[in-house]
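Structure, as structure tokens:
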Amino acid sequence: MDTFVSQTRKRYIDGTTDEQREPVWKKFKEEECNQGIVKEDVKEDAYLTEFSQPWQKIEAEGLDCDYALLFPKEEADCLYTQLEEEVVYLTDKTKIQVFGKVYNVPRKQATCGDAGLTYNYSGVSLQASPWTPTLEYIRDAVTKATGQTFNFVLINRYKDGHDHMGEHRDDERELDPLCPIASVSLGAVRDFVFRHRESRGKQCRRQINPVKLELAHGSLLLMNSPTNTHWYHSLPARKRVLTPRINLTFRRILQDGKK
DNA sequence: CATCTGGCACGGAC
DNA sequence: TGTCCGTGCCAGAT
């Protein structure tokens, strides 16, 4: 089922392309967040035709993302099930050090990628396992949809709404800063929050509203340059979420850490 | 890329 | 309709 066309120019829900369009915004909470939010009630099948991609642009000062439903529900269900069988997560010895204390990460992690790649963050060094068939399939679907290639994927599994990830930037040295990061979501819908680096803290320099999204089952969020240099992102805990979410972030890693 | 805590907002019970 | 109270969310400290 070759639903996705090799087409590097993205087409949006309203049929326009990058050159033509104005950003389309939807408010998340009217009072708090007048930046963009992807919360359209999309009838996915209506947009996932053979010839168009239903991209939505998410923009703010220094933030540039594209969001689309990459997989229809049935296919996303299937991919989720296959990943649950295929992916071998690191044992719960995945530790992280913050403010001098060592913690287990509040989620499960795995890494796959081309042979020999390692990924370092917050003092942890993760060696890439070989690609699995399902991960290769998803990677190739992302490449067809975006025109971008990737040599590595970080897999995070959040077993329920208690699992989460704190605010951070993906600013590792070995990441190609100009290559977008492609985030594929499968399973439970979770909130996702961007916060501008200069609008954090009690006496922050500037008042810039956060950008809040819901990441749907089967969705793809492309984080384009320079988003990661200006904005932190997080996956906050959501107590009412009772089912798992698997997140795949496809990246391009530079072999010898040059920048 | 962590947890902990206090303040606050929201919503259900009555 | 008003108040009380439990829950969850967020921001700040560490």
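In what follows, chains are A, B, ... by sequence order, proteins preceding strands, each numbered from 1.
Taking the centre and axis of the six-membered ring of A:Trp231, the NZ or CZ atom of A:Arg197 falls outside the cone set by 45° and 6.0 Å.
Checked for salt-bridge contact, A:Lys73 and A:Asp77 meet the test: a charged N lies under 4.0 Å from a carboxylate O. Ion pairing of A:Lys212 with A:Asp191 is absent here, as no side-chain N (NZ or NE/NH1/NH2) approaches a carboxylate O to less than 4.0 Å.
In this structure, A:Gln203 atom CD and C:dA11 atom P are separated by 16 Å, rounded to whole Å. Taking atom OH on A:Tyr158 and atom P on B:dA2, their separation rounds to 8 Å, with Å as the unit. Rounded to whole angstrom, the span from the CG atom of A:Asn104 across to the C1' atom of B:dC1 amounts to 14 Å. In this structure, A:Glu167 places its CD atom 8 Å from P of C:dA11, rounding to the nearest Å. When rounded to the nearest whole Å, the span between CZ of A:Phe99 and P of C:dT14 equals 9 Å. Following rounding to the nearest Å, A:Met165 (CE) and B:dT3 (P) show an atom-to-atom distance of 12 Å. At whole-Å resolution of the value, NZ in A:Lys239 and P in B:dA9 are 20 Å apart. The interatomic distance linking A:Lys101 (NZ) with B:dA2 (C1') rounds to 9 Å, in whole Å.
The side chain of A:Arg238 has C:dC10 as its nearest neighbour among B:dC1, C:dC10, C:dG12. Counting only heavy atoms from C-beta on, A:Pro106 has its side chain closest to B:dT3 among B:dT3, B:dC1, C:dG8. When the nucleotides C:dA11, C:dG12, B:dA2 are ranked by their closest atom to the side chain of A:Lys202, C:dG12 comes out on top. Proximity note for A:Pro236 (side chain, C-beta onward) versus C:dG12, C:dC10, B:dA2: the nearest is C:dC10. Closest to the A:Val98 side chain, of the nucleotides B:dC1, B:dT3, C:dA11, is B:dC1.
Residue pairs meeting the ring pair (Phe, Tyr, Trp, His ring centres under 6.0 Å) criterion with at least one member in residues 162-191 of chain A, sequence neighbours excluded: A:His168-A:His233.
Not one side-chain nitrogen or oxygen of A:His168 sits closer than 4.0 Å to the OP1 or OP2 atom of B:dA2. Applying the 4.0 Å criterion to OP1 and OP2 of B:dA2, one finds that A:Arg107 has a side-chain N or O inside that range. Between A:Arg195 and C:dA11 there is a side-chain N or O to OP1 or OP2 distance below 4.0 Å.
Residues meeting the salt bridge (Lys or Arg N to Asp or Glu O under 4.0 Å) test with A:Glu198, sequence neighbours left out: A:Arg205, A:Arg206.
A:Gly201 comes within 4.0 angstrom of sugar-phosphate atoms only, judged by non-hydrogen atoms across all strands, and of no base. At the heavy-atom level, A:His162 lies nowhere under 4.0 Å from the strands shown. Across all strands, A:Arg240 comes closer than 4.0 Å only to sugar-phosphate atoms, never to a base (heavy-atom distances).
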